[in-house]
*Asks:* 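Have a look at the structure that comes next, please.
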Amino acid sequence: MLFRFTALFGWAALLPLCTAVCGAGYQLATRRLAGVDSSVTTLFLGGLVSVVLMVGVLPFYFTLPGSFLDALLFLLTGAIGAGGHMMLVRAYEHASASTLAPFSYAHAVAALPIGWLIFDSFPDQIALTGVALIVLMGAWTAWRNHMPPSSTEG
């Protein structure tokens, strides 16, 4: 019984948890800095933190791009990420976190056709049920937060 538990929840199972914690920290820090500093400053600080965190790992794993196309795609990925972060900062400057939260579920919906069309991979029934549950609960929470308060007369 213990073998099954450790085989299922080994060190690799911590990677999604670590990703979720880092993603939440990223969102919280971005929300906290939005409106305090300029958008460019917030974007720069996010990049600086990433560089500082990764500089110790870089010499062991980084290899130069093998071709001009690889280098171009590498730069394009960075530009798209920076643009996305800039849009996130600007969104937090103009709207509350509770208003923006439902939009974060769009990645789950967008990943389905992208995974199917580009990678020829589609989630099984259990994964689809989980995605649907997460998206529906997010939509329900957003709908509930935007409902006018009910008046009770008595």
Side-chain angles (χ1 to χ4, degrees), residues 12-58 61-65 67-154:
L14 295 176
L15 293 176
L17 178 63
C18 183
T19 300
V21 168
C22 289
Y26 164 78
Q27 293 277 344
L28 289 171
T30 299
R31 188 178 84 202
R32 176 68 75 174
L33 291 173
V36 174
D37 288 327
S38 73
S39 302
V40 175
T41 302
T42 302
L43 182 65
F44 175 77
L45 289 174
L48 182 64
V49 168
S50 299
V51 167
V52 168
L53 290 175
M54 297 307 294
V55 75
V57 179
L58 185 72
Y61 294 100
F62 181 75
T63 57
L64 289 172
S67 69
F68 177 74
L69 179 61
D70 290 344
L72 186 64
L73 291 173
F74 189 70
L75 291 173
L76 185 62
T77 300
I80 290 170
H85 190 199
M86 179 65 84
M87 285 189 267
L88 182 67
V89 171
R90 298 290 293 159
Y92 279 127
E93 288 175 356
H94 296 286
S96 68
S98 62
T99 301
L100 297 174
F103 293 100
S104 66
Y105 298 110
H107 72 278
V109 175
L112 293 174
I114 290 171
W116 179 55
L117 294 172
I118 295 175
F119 300 107
D120 194 29
S121 173
F122 200 76
D124 60 5
Q125 190 65 36
I126 294 174
L128 282 175
T129 303
V131 168
L133 182 64
I134 291 168
V135 171
L136 288 173
M137 289 298 105
W140 178 74
T141 302
W143 174 75
R144 194 162 177 251
N145 285 340
H146 290 295
M147 290 288 295
S150 61
S151 61
T152 55
E153 298 182 38

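Please read these numbers as outputs of a predicted model, since none were measured by experiment.
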*Asks:* If I take atom CD1 from residue I80 and atom CG from residue L75, how far apart are they, to the nearest 0.5 angstrom?
*Replies:* 11.0 Å
*Asks:* Mind checking whether M86 and T42 have side chains closer than 4.5 Å, heavy atoms only?
*Replies:* no
*Asks:* Would you give the length of the straight line joining atom CZ of F74 to atom CG of L64, rounded to the nearest 0.5 angstrom?
*Replies:* 9.0 Å
*Asks:* How many angstroms lie between CG in D124 and OG1 in T129, if you round to the nearest 0.5 Å?
*Replies:* 8.5 Å
*Asks:* Around atom CZ of F68, are there more than 12 heavy atoms of other residues, nucleotides or ligands at under 6.0 Å?
*Replies:* no
*Asks:* Tell me the closest heavy-atom pair linking A71 and P65, and the distance in Å.
*Replies:* N-CB, 3.6 Å
*Asks:* Under 6.0 Å from the CG atom of L17, do we count more than 12 heavy atoms belonging to anything else shown?
*Replies:* yes
*Asks:* Over 60° means perpendicular and under 30° means parallel, so tell me whether F122 and W116 are parallel, tilted or perpendicular.
*Replies:* perpendicular
*Asks:* How would you list, by chain and number, every residue that makes a side chain to side chain donor-acceptor pair (under 3.5 Å) with R32, sequence neighbours excluded?
*Replies:* none
*Asks:* CG of L43 to CG of L88: how many Å apart, nearest 0.5 Å?
*Replies:* 10.5 Å
*Asks:* Rounded to the nearest 0.5 Å, how far apart are OG1 of T19 and CG of L14?
*Replies:* 10.5 Å
*Asks:* Indicate the atoms forming the closest heavy-atom contact of V55 with V52, along with that distance.
*Replies:* CG1-O, 3.4 Å
*Asks:* Under the side chain to side chain donor-acceptor pair (under 3.5 Å) test, which residues partner S50, sequence neighbours left out?
*Replies:* none
*Asks:* State, to 0.1 Å, how close G46 and H85 come at their nearest heavy-atom pair, and which atoms those are.
*Replies:* CA-CE1, 4.3 Å
